[in-house]
Amino acid sequence: MTTDTTGTAARDGEPRSGGPADSPFVRACRREPGPHTPVWFMRQAGRSLPEYREIRANVPMLESCRRPDLVTEITLQPVRRHGVDAAILFSDIVVPVAAAGIDLDIVPGTGPVVAEPVRTAVDVERINPIGRDDVSYVDEAVRLLVAELGDTPLIGFAGAPFTLASYMVEGGPSRTHAKTKALMYGDPELWHALCARLAEVTLAFLRVQVDAGVSAVQLFDSWAGALSEADYRRYVLPHSAHVLAGLNEAGVPRIHFGVGTAELLGAMGEAGADVVGVDWRTPLDVATRRIGPDRAVQGNLDPAVLLAPWEVVEGQVRRILDQGRAAPGHVFNLGHGVLPETDPEVLTRVVALVHELSARPAA
């Protein structure tokens, strides 16, 4: 395997004739056979990489997400280093909400903090629609990346309405989501108005990325696992489904991922994704039975396993590949994001191991 200086991974020494649409990653998302199981890592663009920490030094998170030069370089770094099968756009789930007029900041060590939490109808009205001009820096970054990546697909992403709503209502990260649930249960009409507004912002943000050339999108519902299946179906699924349905004609695979969602996997698949991400708590063969045969799966190595001795890592990679064979398509990934203390060399070795163990003879 070699990786050229543009970040395009050429695993057989020659570029693939079909471009990103014929890449192992996109083929797996579409439940089509490919030369090997593709692999990428959530939060691969940053966190564990020394080159990321160097380039981000003294640059606030939101500013770095709004600078196409930084977004491009940070997104390319793990592709160059690890030879992953896909890049994911470096950004943050609150970028479109900030563009929609909400006063917030991403505080180091804390996460997104909202100056005035959204808890009334008047507050909901403060969330403005967005268009390409409002996130032109994302449009520019995607176009730069598509040109640099060549045959390697770029994944766009956004936060799902429930997770965004939780940040907006709580005013920041929460362990219990108590204020969120209080609003959800206590004023369903206001809750649905908030989520509908956020769904439109999310959909517009993803359409900008698709129009600029991403090959797939991932909708992150990080906090959906805080809900029962009944509550998910009533309060969340319609809004996530609206986002995913709005991309029906986009022609790119749609991935839907949440944490702690074992009991929600079937419902999350019903929301309209082509691929359902699975965290480390649910074996992929079990997840496949819950999700059904019409969707691929993504996952699901526990990020903490990467801190263990290599023989442990190798054993867990083999297990996940074995379980992933039950699915009609499998994208190897972690069950959540890369931990900051992860040795980047271990990630590189995992990519090579996945490719080696899953290599299939040419038809």
Side-chain angles (χ1 to χ4, degrees), residues 16 18-42 44 84-88 152-158 160 206 210 214-221 224 237 240-241 243-245 247-259 261-262 264-301 317-337 350-351 354-355 357-360 363:
R16 290 183 293 272
D22 194 40
S23 63
F25 167 74
V26 173
R27 292 184 68 85
C29 290
R30 297 192 185 285
R31 310 188 307 281
E32 298 172 354
H36 58 259
T37 299
V39 53
W40 68 278
F41 305 109
M42 287 181 282
Q44 67 185 16
V84 286
D85 291 282
I88 185 163
T152 301
L154 174 65
I155 305 168
F157 86 96
L206 288 173
V210 170
V214 299
S215 297
V217 296
Q218 176 155 307
L219 187 66
F220 284 85
D221 211 350
L237 192 155
S240 294
V243 175
L244 294 167
L247 299 171
N248 278 342
E249 306 303 318
V252 300
R254 297 156 296 177
I255 308 168
H256 197 14
F257 172 75
V259 182
T261 55
L264 308 181
L265 290 172
M268 290 181 72
E270 292 172 26
D274 304 290
V275 185
V276 177
V278 183
D279 77 9
W280 68 91
R281 298 171 178 87
T282 308
L284 290 181
D285 50 351
V286 174
T288 295
R289 291 196 294 271
R290 295 178 181 179
I291 295 164
D294 298 329
R295 293 172 180 84
V297 298
Q298 179 176 278
N300 66 340
L301 183 68
V317 169
R318 289 178 180 273
R319 176 184 62 81
I320 289 165
L321 286 173
D322 287 343
Q323 293 171 346
R325 292 188 180 98
H330 177 209
V331 176
F332 191 98
N333 207 309
L334 304 182
H336 200 194
V350 167
V351 173
V354 170
H355 291 164
L357 294 176
S358 65
R360 305 175 183 100

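Each residue takes its place number in the sequence, starting with 1. Not measured: the values here are computed from a predicted model.
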Point to revise | Donor-acceptor pair, side chain of Glu270 and main chain of Leu237, under 3.5 angstrom | key: no
Review point. Going by heavy atoms in the side chains, are Val210 and Val217 under 4.5 Å from each other?
Key: yes
Revision key, fill the gap. Distance col, row Met268:CE vs Thr261:OG1, nearest 0.5 angstrom, shows 5.0 Å
Study note, to complete from the structure: Which of Val317, Asp85, Leu301 passes side-chain contact (heavy atoms from CB on, under 4.5 Å) with Val39? It is Asp85
Revision key, fill the gap. In short, Ala28 meets Val331 closest at the heavy-atom pair CB-CG2, 4.0 Å
Review point. Has the side chain of Asn248 got a donor or acceptor atom that lies under 3.5 Å from a matching backbone atom of Ala245?
Key: yes
Check your understanding: Does Pro38 offer a backbone N or O that forms a donor-acceptor pair with the side chain of His355 under 3.5 Å?
Key -> no
Review point. When you measure from the side chain of His330 to the backbone N and O of Val297, does any donor-acceptor pair fall under 3.5 Å?
Key: no
Review point. Arg290 side chain to Gly266 main-chain N or O, any donor-acceptor pair under 3.5 Å?
Key: no
Study note, to complete from the structure: Between the CZ atom in Arg30 and the CZ atom in Phe25, the distance rounded to the nearest 0.5 Å is 10.0 Å
Review point. Roughly how far apart are Ile255 CD1 and Met42 CE, rounded to 0.5 Å?
Key: 9.5 Å
Practice item. Could you tell me whether the side chain of Gln298 reaches within less than 4.5 Å of the side chain of Trp40, counting heavy atoms only? Key: yes
Exercise for review: With Val278 as reference, evaluate Ile291, Ile320, Val286, Thr288 under the side-chain contact (heavy atoms from CB on, under 4.5 Å) test and give the passing residue.
Suggested key: Ile291
Revision key, fill the gap. Heavy-atom nearest pair, Ala273 first then Leu244, reads N-CD1, 3.8 Å
Point to revise | Side-chain donor-acceptor contact under 3.5 Å, Arg360 with Thr37 | key: yes
Exercise for review: Could you tell me the separation between the OG atom of Ser240 and the CG atom of Leu219, rounded to the nearest 0.5 Å?
Suggested key: 5.5 Å
Check your understanding: Is there side-chain contact between Cys29 and Asp274, with at least one heavy-atom pair below 4.5 Å?
Key -> no
**Study point:** Interatomic spacing from CZ in Phe257 to CG in Asn333 - rounded to 0.5 Å
**Key:** 8.0 Å
Practice item. Take Gln323 and Asp285 through the test side-chain contact (heavy atoms from CB on, under 4.5 Å) and record every step on the way to the result. Key: CA-CA 5 Å; Gln323 293 171 346; Asp285 50 351; 4.0 Å; yes
Practice item. Carefully, step by step, assess Arg281 and Val259 under the rule side-chain contact (heavy atoms from CB on, under 4.5 Å). Key: CA-CA 9 Å; Arg281 298 171 178 87; Val259 182; 3.6 Å; yes
Point to revise | Stepwise side-chain contact (heavy atoms from CB on, under 4.5 Å) check, Asp22 with Val26 | key: CA-CA 6 Å; Asp22 194 40; Val26 173; over 6 Å; no
Check your understanding: Stepwise, does the side-chain contact (heavy atoms from CB on, under 4.5 Å) test hold for Arg254 with Val243?
Key -> CA-CA 10 Å; Arg254 297 156 296 177; Val243 175; over 6 Å; no
Review point. Going by the angle between their ring planes, with limits at 30° and 60°, are Phe220 and Phe157 parallel, tilted or perpendicular?
Key: perpendicular
Check your understanding: If every non-hydrogen atom of Pro293 is compared with every non-hydrogen atom of Pro328, which pair is closest and at what distance?
Key -> O-CG, 3.4 Å
Exercise for review: Search all heavy atoms of Asp221 against all heavy atoms of Ala160 and return the closest pair with its distance.
Suggested key: CG-CB, 3.4 Å
**Study point:** Nearest heavy atoms of Gly299 and Leu284, plus distance in Å
**Key:** O-CD1, 3.8 Å
